[in-house]
Amino acid sequence: MARHDGTPTKGASSEAARLDMKLVRKNMVDSTNEVAKVLVAEGAVPWTVVVAAKQLAGRGRFGRRWTSPRGGLYLSIALIEEVERLPLVTLAAGLSVAEVVEAEGIVPELKWPNDVFVEGAKIAGVLVEGLTKPPSYWGIVGFGINSNSRKEAFPRNLVGHITTLRHELGRAVDNDSLLKTLLASFRDHYPAPGREPEVVAHYRKRCTTLGRELAVETATGTVRGKALDISSAGLLVVELADGSTVEVAEGTIVQPT
Ligand code: BTN
């Protein structure tokens, strides 16, 4: 590939090598998160990145389906990470996806914890999972970006709820260059020990959830109140009607939609 001025540029493979990541490219998989887990069980090195052209059983948060037609960008990064730090890793992942979208000239809305919307329609999501069996000190960070996919490739019930970069820009985008930007941005925001406050500070500036009245669906019920802050551990701080606060570790914002 070359820049407009003819200077050669390097793609995601060389960027991965520069960042000390191992890039594994696949054509069609069930889920890149599942492939990453298998690679970890087989002795993968930390920062192994699995990228696939299509997923047959892409998964979203809370067991939802992630429709993954050809044209989208689907990848998972396998990392050694303590489970208590995964909320911070989640914030870093959301930030990097928002930056990828913004680099294409589109204004992203970063909804806690890591859903990225464009004018109310979802364009990207992140699924962070800790391994439940040994080696359980690994985390898998899965990114799904509706980049070059066509809106017609999504089920009818998603019409109006999702969008793609291709649709927003009215032209095709280069997935390899998006991947390159994403890897660099995630590495940059990654909360390495001692750098945790940085990711929280960056996230607070970008997150469009803060300051809003909302309802968050969690495993133990719905929390209603005002999104006050992001805690130093990466949790959402919500002020309830009685003035007390709760910290939400995991959930889906159902209002505002
Ligand atoms: C969500 O918004 O619910 C999260 C979506 C995460 C989708 C990505 S695509 C790559 C990786 N593999 C999966 O099966 N899921 C994640």
Side-chain angles (χ1 to χ4, degrees), residues 12 16 21 23-40 44 47-79 81 86-87 89-98 100-101 108-118 120-132 138-149 153-155 157-158 161-165 175-176 178-179 182-183 185-186 207-209 216-219 236 248-254 257:
M21 299 179 179
L23 192 54
V24 178
R25 291 186 189 268
K26 301 272 182 193
N27 179 22
M28 196 156 58
V29 299
D30 280 347
S31 154
T32 55
N33 270 33
E34 296 311 310
V35 175
K37 286 177 194 172
V38 170
L39 294 181
V40 168
W47 291 92
T48 291
V49 182
V50 183
V51 57
K54 178 178 164 112
Q55 296 186 119
L56 298 172
R59 290 187 292 108
R61 296 197 308 131
F62 304 106
R64 294 181 200 123
R65 182 180 155 79
W66 184 260
T67 305
S68 313
R70 236 169 242 290
L73 181 58
Y74 315 109
L75 66 136
S76 300
I77 305 183
L79 303 159
E81 198 45 277
L86 290 180
V89 174
T90 296
L91 301 188
L95 272 174
S96 48
V97 176
V100 166
V101 171
E109 296 153 31
L110 176 56
K111 198 165 155 181
W112 181 86
N114 48 25
D115 287 339
V116 178
F117 285 73
V118 174
K122 187 154 164 170
I123 203 160
V126 177
L127 174 65
V128 179
E129 298 179 295
L131 294 199
T132 47
W138 282 73
I140 309 292
V141 188
F143 300 83
I145 303 182
N146 301 334
S147 49
N148 254 325
S149 28
F154 291 83
N157 64 319
L158 293 181
H161 298 288
I162 61 102
T163 189
T164 71
L165 283 173
N175 269 350
D176 199 62
L178 297 183
L179 177 59
L182 181 66
L183 296 180
S185 174
F186 183 59
C207 179
T208 50
T209 303
V216 193
E217 227 167 60
T218 74
L236 181 67
V248 184
E250 259 204 296
T252 302
I253 295 173
V254 286
T257 50

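Note that ligands are numbered from 1 as they come in the structure, with each ligand's atoms numbered from 1 the same way.
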Exercise. Give the ring-plane orientation class for Phe186 versus Trp47, where under 30° counts as parallel, over 60° as perpendicular and anything between as tilted.
Key: tilted
N/O pairs closer than 3.5 Å, ligand 1 and protein:
from: ligand 1; atom 1: 2 (O); to: Lys122; atom 2: NZ; distance (Å): 2.6
from: ligand 1; atom 1: 3 (O); to: Arg61; atom 2: N; distance (Å): 2.6
from: ligand 1; atom 1: 12 (N); to: Thr32; atom 2: OG1; distance (Å): 3.1
from: ligand 1; atom 1: 12 (N); to: Gln55; atom 2: OE1; distance (Å): 2.9
from: ligand 1; atom 1: 14 (O); to: Ser31; atom 2: OG; distance (Å): 2.8
from: ligand 1; atom 1: 14 (O); to: Arg59; atom 2: N; distance (Å): 2.7
from: ligand 1; atom 1: 15 (N); to: Arg59; atom 2: O; distance (Å): 2.7

Quiz item: Hey, are Ser76 and Asn33 close enough side-chain-wise for a donor-acceptor pair under 3.5 Å?
Solution: yes
Quiz prompt | N-O pairing of Glu129 and Arg61 below 4.0 Å | solution = no
Exercise. In plain terms, say whether Lys54 and Asp30 are close enough for a salt bridge, that is, a side-chain N and a carboxylate O under 4.0 Å apart.
Key: no
Quiz item: How would you list, by chain and number, every residue that makes a side-chain hydrogen bond (donor to acceptor under 3.5 Å, both in side chains) with Asn157, sequence neighbours excluded?
Solution: none
Quiz item: Stepwise, does the salt bridge (Lys or Arg N to Asp or Glu O under 4.0 Å) test hold for Glu109 with Lys122?
Solution: CA-CA 9 Å; Glu109 296 153 31; Lys122 187 154 164 170; over 6 Å; no
